[in-house]
Amino acid sequence: MSSIFPARLVLAWLHLLALGVGLGGVWGRARALHDSLRDPVDERAIRRALVADAWWGVAAVVWLVTGLWRLLAATEKSTAYYLTNIAFNAKMLMFVAILGLEVWPMITLMRWRRRTREPQARDAGRIEVISYVECALVIAMVFAAVAMARGFGGRAASSAGEVTDTLCALGDSSDSRSVSTATTGPTGATPASGSPATSAASPTASDADLELVSRELTMPLAGIDPMKLHSNFDALRGAGRRHEALDIMAPRRTPVLSAAPGRVLKLFTSHDGGLMVYAADSSERFILMYAHLDGYAPGLRDGAPLARGQLIGYVGFTGNASPKAPHLHFAIARSGDLRRWSKGTAVDPLPLLQRAHGR
Ligand SMILES: [Zn+2]
């Protein structure tokens with residue numbers, strides 16, 4: 001993961017940068033061509049148009065190469081994910097439309113450059129209009145890209161692994177995090193990442209800690225065999241973030257049970273996590289977090305004691321989760337200070353649940 005981390009950052013940066021440069025280029029080309037429209041055409045404006053056109057061309061090449069790289073090398077998500085995503089297909093359709101529109105202006109401007117054809121106002125006017133249409137398409141593509149990044153357009157996938165990899169956006173990129181938290185915690189924390197946010201003050205769980213917590217753990221959803229689940233703890237969520245939780249697929253309103261005895265630390269609502277429960281285990285060393293809940297168990301409140309297996313809420317898709325894939329987002333973190341209920345060092349819940357199950 002660490003080896004592709006810089007590459008995917010650089011690719012994402014170049015891809016976005018090219019979009020900005022390209023939009024400026026094609027807009028500048030349209031403006032310059034508009035300025036050239038007199039009889040005879042204004043040569044200086046034509047030269048400006050050719051410079052802008054060159055930037056547009058460079059941006060298109062960078063944008064295409066980085067885009068294909070990201071798609072085929074699957075640096076962000078699987079190739080299959082992109083190809084089944086409606087927003088992605090809309091984006092591609094608009095890209096093909098731009099390519100199609102660009103054929104004639106490209107040939108014409110190339111001739112102007114080589115002086116094999118004199119610039120004419122009629123052609124300049126046409127290319128101006130085409131450039132504006134291309135601008136609009138680029139802007140629409142940005143919208144499709146943003147929709148895709150926010151999890152829109154994905155179809156319900158057939159296997160749980162596929163769904164959780166694509167539709168649970170918790171632990172998503174930092175830009176969504178910065179605007180996502182509806183309210184902040186008592187310490188000003190913004191617990192919108194996949195797991196309680198890693199804090200420098202939080203200790204790392206020792207083997208003894210893990211042994212202790214696994215002894216008291218049970219599956220938070222009844223009837224699900226943890227041995228049949230796959231960890232998506234390390235799944236990438238953009239901007240170098242990891243998922244750092246376990247997604248367990250289940251129908252909406254499936255009862256969510258407290259995975260350990262302990263107490264409720266905080267009932268919390270966030271943009272990404274939706275309705276969430278933060279709870280402490282009985283050793284008071286771990287924070288258990290349950291997200292995307294459809295609702296809470298009646299009477300549940302901050303500070304309430306919890307028994308192992310007690311009903312705490314229901315599976316849903318609140319927050320940044322797809323209605324097509326209701327699931328429980330379950331995280332465990334080693335805490336250094338339970339008053340900071342959103343802070344901790346994440347541990348993968350699945351091996352612990354499997355260890356508990358094996359007893
Ligand atoms: Zn999740």
Side-chain angles (χ1 to χ4, degrees), residues 1 76-78 81 85 148-152 154-177 180-182 190-198 217 219-221 224 226 228-254 256-259 268-279 286-295 312-333 342 344-354:
M1 182 193 75
E76 301 286 336
K77 286 168 175 154
S78 73
Y81 163 77
N85 186 290
M148 198 170 79
R150 290 294 176 275
F152 292 96
R155 290 177 192 151
S158 51
S159 79
E162 214 179 321
V163 170
T164 55
D165 214 38
T166 56
L167 297 179
C168 175
L170 251 184
D172 203 345
S173 59
S174 52
D175 63 323
S176 69
R177 194 184 331 286
S180 65
T181 313
T190 54
S193 69
S195 62
T198 301
L217 275 185
M219 281 296 285
L221 299 178
I224 289 187
K228 290 183 180 157
L229 296 177
H230 299 283
S231 172
N232 63 347
F233 185 80
D234 287 320
L236 294 174
R237 287 295 184 269
R241 291 273 175 177
R242 291 185 308 163
H243 180 238
E244 297 194 331
L246 174 67
D247 289 334
I248 309 171
M249 313 311 296
R252 189 180 177 195
R253 300 298 292 176
T254 300
V256 174
L257 313 174
S258 179
F268 191 74
T269 305
S270 87
H271 182 277
D272 284 348
L275 296 186
M276 308 161 88
V277 173
Y278 284 86
F286 287 90
I287 298 168
L288 290 79
M289 186 260 265
Y290 311 77
H292 304 316
L293 301 179
D294 195 62
I312 56 172
Y314 302 93
V315 171
F317 44 81
T318 55
N320 198 346
S322 168
K324 292 171 194 157
H327 66 276
L328 174 67
H329 175 102
F330 178 57
I332 299 181
S342 69
T345 308
V347 294
D348 188 348
L350 187 59
L352 297 177
L353 289 168
Q354 290 175 339

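Residues: numbered from 1 along the sequence shown. Just so you know, ligand 1 is whichever comes first in the structure, and atom 1 is the first atom listed for that ligand.
None of the N, O or S atoms belonging to His327 lies under 2.8 Å away from the Zn ion (ligand 1). For His243, the nearest N, O or S atom to the Zn ion (ligand 1) falls under 2.8 Å.
Considering just the N/O/S atoms of Asp247, the one nearest the Zn ion (ligand 1) carries the name OD1. Restricting His329 to its N/O/S atoms, the shortest distance to the Zn ion (ligand 1) is reached by ND1.
Closest approach of Ala331 and Glu244 over heavy atoms only: CB-O, 3.9 Å. Contact detail for Ser258 and Ile312: the closest heavy-atom pair is CB-CG2, 4.0 Å.
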Under the criterion side-chain contact (heavy atoms from CB on, under 4.5 Å), I'd like the reasoning laid out for Asp247 against His329: C-alpha separation, chi angles, the key distance, then a yes or no. CA-CA 5 Å; Asp247 289 334; His329 175 102; 3.2 Å; yes
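In this structure a side-chain-to-backbone donor-acceptor pair under 3.5 Å is missing from Thr254 to Val315.
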